[in-house]
Each structure stands twice: as structure tokens, then as C-alpha cells.
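Okay, so here's the structure we're looking at.
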Amino acid sequence: MKISFTTKEYARLLELAYLGRWVVASRKSEDAPPAKRYDDIAQKLYELASALGCADLVEERVGGLLGPSAKLEENEHVREFIGEFENDTFWSELVTRLAEGDYAAEQAKRALAEAPGVEPPPTPDERLKQIEDTYWDEFEKHDLANVIVLRGGRG
């Protein structure tokens, strides 16, 4: 297979490879199997960097392997994307976990107060979505201003 890239396109491909590898390894160690899965293909991309005018985006690492250079890791677009990704991940995880906690508490109360003739509750997915929407509304309006962390349940 033959494929051609301009220097600019190849630089963006290296950014994309770095970002993909970063996402895979961001919550695990660099040596975790999910991250290792992409090492061979990343090496191939790094090895072609000099020939395609992007030698400044790659550097030699311990053991003779190549990796992203500081210039690539500190690239404004790369840092911006990582910051946005981390921010979006934080908010999504916070909303999901808070909603799941609230739903579990509701289910416990409902089990204690179950009575004949009561309208059936929404499905778990419907109710979780309702609770998540409430949190999204709150965080979009007030960010973290109304969040209080209770340490050991004592405030």
C-alpha cells in the first residue's frame, strides 16, 4: 500500500496518534495491555517522521524506541484537546455517579413505601436520565458553586 502525506498532514497524523495513545493510557499505566496494543503502529509512525519532515515531533527514548517529543506533547492544539477531554470526562462522570446514587436512594425508599395502586415507576434508564438532566441543569447554571463535600459524613 502506498499513501502520501504532506508534512502538515503527517504532523496532524502524529498528533492524532499521540492523542489516541494518550486517551487509551490516561487512566492506566503506560505498560497496561490496552496501551501496549498500539505501540507497534506508533513506532512505525514515529520512524517515518524524519523522512516526512516531522523529525522535531519525535525523539529517541530509553532502549532506542521512539516517542513523541516535548514539542508534540506541548502543542497548543494537543493540550487544548486534552484539557477539553478531561473537563468533559469529569462532568460526565460526576453527573452519572450522582444520578446513580440518587436513583439507588430512591429505589431503597420506594421498596420501603411500596403500596398497591401506586403508579408504576419509570424504567431505570428513564429515571436515571431525568436525574442526570437535573444535575446537568444545575452544573450548567452554577458550575461547582453549590457542591459541598462531606468528609466522613460530618461536613
Separation of [Y] [atom2] from [X] [atom1] (nearest 0.5 Å):
| X | Y | atom1 | atom2 | value |
| --- | --- | --- | --- | --- |
| Thr7 | Leu57 | OG1 | CG | 10.0 Å |
| Leu98 | Trp136 | CG | CH2 | 11.0 Å |
| Arg97 | Ser92 | CZ | OG | 11.5 Å |
| His77 | Glu15 | NE2 | CD | 7.0 Å |
| Thr89 | Asn87 | OG1 | CG | 8.5 Å |

Please check if any side-chain donor atom of Asn75 sits under 3.5 Å from a side-chain acceptor atom of Tyr18, or the reverse.
-> no
Determine, stepwise, if the pair Arg21 / Asp39 fulfils side-chain contact (heavy atoms from CB on, under 4.5 Å).
-> CA-CA 8 Å; Arg21 178 83 169 51; Asp39 285 348; 2.8 Å; yes
Establish whether [X] and [Y] are linked, either directly or via other cluster members, by ILVMFWY side-chain heavy-atom contacts under 4.5 Å.
| X | Y | value |
| --- | --- | --- |
| Val24 | Leu16 | no |
| Tyr103 | Leu94 | yes |
| Val23 | Leu13 | yes |
| Val95 | Val147 | yes |
| Leu48 | Ile3 | yes |

Closest heavy-atom pair and its distance - [X], [Y]:
| X | Y | value |
| --- | --- | --- |
| Thr6 | Glu9 | N-OE1, 2.8 Å |
| Ala99 | Leu128 | O-CD2, 3.6 Å |
| Gln130 | Pro122 | OE1-CG, 4.3 Å |
| Tyr10 | Lys44 | OH-O, 4.4 Å |

With a 4.0 Å cut-off, would you call Asp133 and Lys129 a salt bridge?
-> yes
Residues Arg79, Glu74: salt bridge by 4.0 Å N-O rule |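 Answer for the salt bridge query: no.
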Taking the side chain as everything from C-beta on, heavy atoms only, tell me whether [X] gets closer than 4.5 Å to [Y].
| X | Y | answer |
| --- | --- | --- |
| Cys54 | Phe5 | no |
| Leu14 | Tyr46 | yes |
| Leu66 | Glu47 | yes |
| Val78 | Leu19 | yes |

Given Asn146 and Glu138, is the side-chain contact (heavy atoms from CB on, under 4.5 Å) satisfied, shown in steps?
-> CA-CA 9 Å; Asn146 295 334; Glu138 173 64 26; 2.6 Å; yes
Could you walk me through whether Gln43 and Leu65 pass side-chain contact (heavy atoms from CB on, under 4.5 Å), step by step?
-> CA-CA 7 Å; Gln43 278 305 300; Leu65 295 176; 3.9 Å; yes
Which of parallel (below 30°), tilted (30 to 60°) and perpendicular (above 60°) describes Trp91 and Phe139?
-> tilted
Does a sphere of radius 6.0 Å around CZ in Arg61 hold more than 12 heavy atoms from other residues, nucleotides or ligands, not counting ones at 6.0 Å or beyond?
->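 Enclosed: over 12 neighbouring heavy atoms sit under 6.0 Å from CZ of Arg61.
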Counting only N and O atoms by type, is there a donor-acceptor contact under 3.5 Å from the side chain of Glu84 to the main-chain atoms of Phe81?
->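 Looks like no, no N/O pair under 3.5 Å.
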Quick one: does Ser69's side chain have a donor or acceptor within less than 3.5 Å of a partner on Asp56's backbone?
-> yes
Decide yes or no on side-chain contact (heavy atoms from CB on, under 4.5 Å) for Tyr135 and Asp102, but give the supporting numbers first.
-> CA-CA 11 Å; Tyr135 280 114; Asp102 287 359; 2.5 Å; yes
